[in-house]
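Below: the structure, in structure tokens.
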Amino acid sequence: MTFEKENGALICRRAGETLRIEPWGKDSFRVRAAMSPKFTGNILALTETVEKCDTQITIAEEDHWVGDGTIDKRPIASIVNGRLKAVVNFAGIITFYRDDNMILQEYFRYYDGTLSRESRCLKVVNREWKGIIGGSEYSLNVKFESIKKEKLFGMGQYQQDCLDLKGCVLELAQRNSQISVPFAVSSLGYGFLWNNPAVGRVSFGKNYTEWIARATKEMDYWITAADTPKQIVENYTAVTGRAEMFPEDLMGLWQCKLRYRTQEEVLEVARQYQKEGIKIDQIVIDFFHWTVQGDWKFDKKYWPDPKAMVDELHSMGIKVIVSVWPSVDRKSENFAPMMERGLLIRTERGAAQTYDFQGDCVEIDPFNPEARKYVWDVCKKNYYDYGIDAFWLDNSEPDYGVYDFENYRYFEGPALAVSNLYPQLYSRVFYDEMSKLQKEPVVNLLRCAWAGSQKYGNVVWSGDVPSTFEAFSDQIQCGLNMGLAGIPWWTTDIGGFMTDDVNDPDFRQLLIRWYQFAVYSPVLRMHGDRGPYNIPPLDDRDWGGGYLHTGQPNELWSYGEDNYAIMKKYYDVRILLHDYIKKLYEEAHENGSPLLRTMFYEFPEDEKCWETEDQYMFGDRFLVAPILHLNEWKREVYLPAGKWKLTSTNEVFEGGCRVSVDAPIDYMPVFERMA
């Protein structure tokens with residue numbers, strides 16, 4: 001291994017690999033390696049300008065005992081940026097220290113003639129590169145030592161019941177309801193961003209941690225050190241970007257269902273809400289309001305005057321959001337020109353098809369700037385110019401018919417190498433142009449994200465999840481880990497997406513419990529595919545806005561008077577929380593803090609908070625204990641030290657213990673933190 005200094009960075013070379021460690025923000029390093037002397041120059045998630053940091057780089061030699069009992073001199077180098085230090089030894093193994101305490105070390109089990117701990121005959125190296133035959137990319141495997149007491153959080157959204165990810169194996173790939181945002185927060189006081197959009201896997205094992213990229217040209221990660229999770233997230237969002245200030249007029253209720261089929265249906269719902277005295281901030285026009293996928297326009301038969309519809313909704317103070325999918329049907333008027341100009345995803349083998357729901361489709365390639373411009377120009381003409389306020393960018397992973405990532409290729413390269421960046425670039429089809437045309441912040445709704453997506457106006461929802469208490473419980477950790485991964489604007493389909501029978505009393509109980517949770521979440525949004533499917537189509541065409549099925553009504557009053565009364569009561573709670581929610585959005589904008597916060601985010605010194613997974617903090621003031629089981633009318637809640645007021649009775653509890661509280665159907669336990 002040879003070492004040199006270059007403009008404040010440490011450069012290391014060994015066996016054809018070039019390693020670069022450089023300061024990148026407060027107490028942070030960016031670490032890159034490549035099997036070539038030059039790097040790609042891609043910044044990926046590290047988009048923000050950072051101040052120049054003063055570093056101390058030391059290149060020296062140290063004594064090493066070799067097998068015959070003699071001492072040999074081996075090179076070693078270190079670089080220091082504030083509280084974070086990286087040490088690279090003669091074998092290229094990197095060890096990171098926070099305030100001189102080791103927090104992370106690469107894993108290496110290869111006999112090198114010394115008697116060190118790493119000297120074993122397994123021939124396992126810390127960074128393993130394997131060239132992909134016929135391509136310029138490599139598969140990459142990077143290993144780190146595992147510390148058994150460590151807890152790990154963040155990483156985006158995975159449909160599982162694990163808040164602490166230690167011991168988990170996570171696919172680094174985007175799927176419907178799975179969101180890979182590869183930033184982890186460690187209980188040891190560091191944050192780690194895998195700054196690589198390649199499809200792969202991370203295993204947070206007890207024996208070692210392993211990051212795998214199936215196709216890449218370089219290793220790229222970023223690491224930061226801090227005392228608390230709040231400071232770690234602040235450091236992370238300082239280099240990847242922060243959300244804009246969320247508009248006040250979207251902090252109330254969003255109304256949606258599968259699906260409003262005509263403009264008159266939309267207007268009737270809006271008028272009824274007005275009669276009921278309930279202000280909705282935004283109404284959503286879901287999929288198949290169009291002719292065919294990829295036309296990106298209203299079916300005039302059922303939406304004869306979109307401008308008049310939008311004007312009436314605006315007069316009620318209601319904004320309008322329209323669903324746009326990235327899929328382009330072969331029958332679409334846009335398919336031929338987009339295919340001819342190379343604006344669609346390519347397949348490596350077989351038929352040119354990437355999506356097959358309700359059509360034979362190929363999805364757009366947002367890695368291509370020309371494709372982004374083409375789609376925006378169509379959507380501007382057919383939606384935005386009518387006054388449509390925002391876009392529901394569904395299927396934004398994209399939702400492949402088969403998740404065979406080896407079979408797809410983008411303008412930027414093979415899907416295996418870059419696919420995880422797709423949802424962010426899809427969002428920028430709209431964000432980049434809308435932000436030029438309007439003064440108010442852009443707020444679009446997406447089903448997926450990647451590191452840094454928070455700065456592109458993305459409200460991310462948790463996907464098409466089942467209407468079950470088990471799925472509801474999973475959404476709690478999904479939202480908390482998304483927040484720790486830097487995505488503060490997050491929401492769910494209240495009641496879950498997939499419902500067989502809206503008349504089932506068990507479902508209605510679930511709906512109420514989910515709605516109560518949603519009031520204490522970033523975005524309060526009614527949505528779902530509600531069975532039974534006994535509503536006939538509007539016509540017998542096999543295309544257009546009238547042929548596809550719709551779900552049962554999904555307005556607040558759709559579930560009986562008793563449930564309506566509960567939802568109105570909690571709607572009023574949401575309105576009363578407006579100023580507080582505004583403050584939380586300001587914090588997200590200023591320092592990256594999520595609105596949904598793990599208990600340890602607010603109480604990092606309390607060990608029990610690091611173990612508690614079924615409750616959370618809504619900001620710094622409200623402790624929320626969702627009801628996660630059918631027919632559960634009482635639950636235990638852990639209260640950290642301090643005084644806590646139960647919002648149902650105003651009874652004050654002394655913290656530092658567990659308490660049992662009642663949870664009738666019209667109440668979800670919430671404690672207010674007393675000053």
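Rounding to the nearest 0.5 Å gives a distance of 6.0 Å between CD1 of Ile132 and CD of Glu137. In this structure, Asn196 CG and Asp220 CG are separated by 7.0 Å, a value rounded to the nearest 0.5 Å. Taken to the nearest 0.5 Å, the SG atom of Cys379 stands 7.5 Å off from the CH2 atom of Trp376.
Counting only N and O atoms by type, the side chains of Ser332 and Asp295 include a donor and acceptor under 3.5 Å apart. Asn395 and Tyr355 form a side-chain donor-acceptor contact under 3.5 Å, judged by distance and modelled atom types alone. Inspection of the Ser462 and Gln475 side chains reveals an N or O donor paired with an N or O acceptor under 3.5 Å. No side-chain donor from either of Thr224 and Gln231 sits under 3.5 Å from a side-chain acceptor of the other. There is a side-chain donor-acceptor pair under 3.5 Å between Trp129 and Glu17. In this model, no donor atom of one side chain and acceptor atom of the other lie less than 3.5 Å apart for Arg214 and Ser139. Under 3.5 Å, the side chains of Tyr400 and Asn407 contain no donor-acceptor pair of N or O atoms. With no hydrogens or angles considered, no side-chain donor-acceptor pair links Ser187 and Glu150 at under 3.5 Å. Checked by atom type, the side-chain pair Lys85/Thr95 shows no donor-acceptor distance below 3.5 Å. No side-chain donor from either of Gln174 and Ser180 sits under 3.5 Å from a side-chain acceptor of the other. No hydrogens or angles considered: nothing links the side chains of Gln178 and Gln157 as a donor-acceptor pair under 3.5 Å. At a cut-off of 3.5 Å, with distance as the only test, no side-chain donor of Gln477 or Gln160 sits close to an acceptor on the other residue. Between the side chains of Asn126 and Glu106, a donor-acceptor pair is found at a separation under 3.5 Å. A donor-acceptor contact closer than 3.5 angstrom links the side chains of Asn176 and Asp464.
The existence of a salt bridge linking Asp404 and Arg349 is confirmed by a sub-4.0 Å separation between a basic side-chain nitrogen and an acidic carboxylate oxygen. Taking 4.0 Å as the cut-off between side-chain N and carboxylate O, Arg447 and Asp399 count as a salt-bridged pair. A salt bridge is absent between Glu397 and Arg175; no separation between the charged side-chain nitrogens and carboxylate oxygens falls under 4.0 Å. For Lys373 and Asp377, the salt-bridge test passes: some basic side-chain N is under 4.0 Å from an acidic carboxylate O. Checked for salt-bridge contact, Glu244 and Lys455 miss the test: no charged N lies under 4.0 Å from a carboxylate O. Salt bridge annotation for Asp164-Lys151: present, with a cationic side-chain nitrogen under 4.0 angstrom from a carboxylate oxygen. Between Arg20 and Glu4 there is no salt bridge, since no side-chain N of the basic residue sits under 4.0 Å from a carboxylate O of the acidic one.
Just one residue in the list Trp392, Trp296, Trp290 forms a ring-ring contact (aromatic ring centres under 6.0 Å, His included) with Trp325, and that residue is Trp290. Of the residues Phe183, Phe144, Phe96, the one that meets the ring-ring contact (aromatic ring centres under 6.0 Å, His included) test with Phe192 is Phe144.
Judged by distance alone, the side chain of Thr347 and the main-chain N or O of Ala351 form a donor-acceptor pair under 3.5 Å. Put simply, the side chain of Trp461 never gets that close to the backbone of Ser177: no donor and acceptor are under 3.5 Å apart. Of the possible polar contacts, none joining the Asn444 side chain to the Gly457 backbone as a donor-acceptor pair under 3.5 Å is found. Checked by atom type and distance alone, the side chain of Tyr158 pairs as donor or acceptor with a backbone atom of Glu171 at under 3.5 Å. In this structure, Glu218 contributes its side chain and Thr40 its backbone to a donor-acceptor pair below 3.5 Å. At least one donor-acceptor pair closer than 3.5 Å links the side chain of Asn89 to the backbone N or O of Gly92. A donor-acceptor pair under 3.5 Å is absent between the side-chain atoms of Asn235 and the main chain of Val233, judged by distance alone. Under the 3.5 Å distance criterion, the side-chain polar atoms of Asn195 are matched with a main-chain donor or acceptor of Ala45.
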- Task: Run the numbers on Trp489 and Val460 for side chain to side chain contact (heavy atoms under 4.5 Å, CB included), then give the verdict.
- Result: CA-CA 6 Å; Trp489 297 3; Val460 182; over 6 Å; no
- Start with the C-alpha distance between Thr237 and Arg242, add both sets of side-chain angles, then the distance that settles side chain to side chain donor-acceptor pair (under 3.5 Å), and finish with yes or no. CA-CA 6 Å; Thr237 55; Arg242 297 185 178 127; 2.8 Å; yes
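A ring-centre distance under 6.0 Å is not found for Phe411 and Phe367. A centroid separation of less than 6.0 Å is found between the aromatic rings of Tyr422 and Tyr410.
Using the six-membered ring where Trp is involved, Phe108 and Tyr110 have ring planes that are tilted, between 30° and 60° apart.
By the 6.0 Å contact criterion, NZ on Lys143 is enclosed, its count of non-hydrogen atoms from other residues, nucleotides or ligands being greater than 12. Shown here is Arg201, whose CZ atom has no more than 12 heavy atoms of other residues, nucleotides or ligands within 6.0 Å. Other residues, nucleotides and ligands place no more than 12 heavy atoms under 6.0 Å from the NZ atom of Lys26.
Side chains of Gln454 and Thr240 form a contact here, defined as non-hydrogen atoms less than 4.5 Å apart. Contact check for Glu433 versus Lys380: no side-chain heavy atoms found under the 4.5 Å cut-off. Side-chain contact between Glu370 and Leu343: present, with at least one pair of heavy atoms (C-beta onward) separated by less than 4.5 Å. A 4.5 Å side-chain heavy-atom check between Gln293 and Gln358 finds at least one atom pair inside the cut-off.
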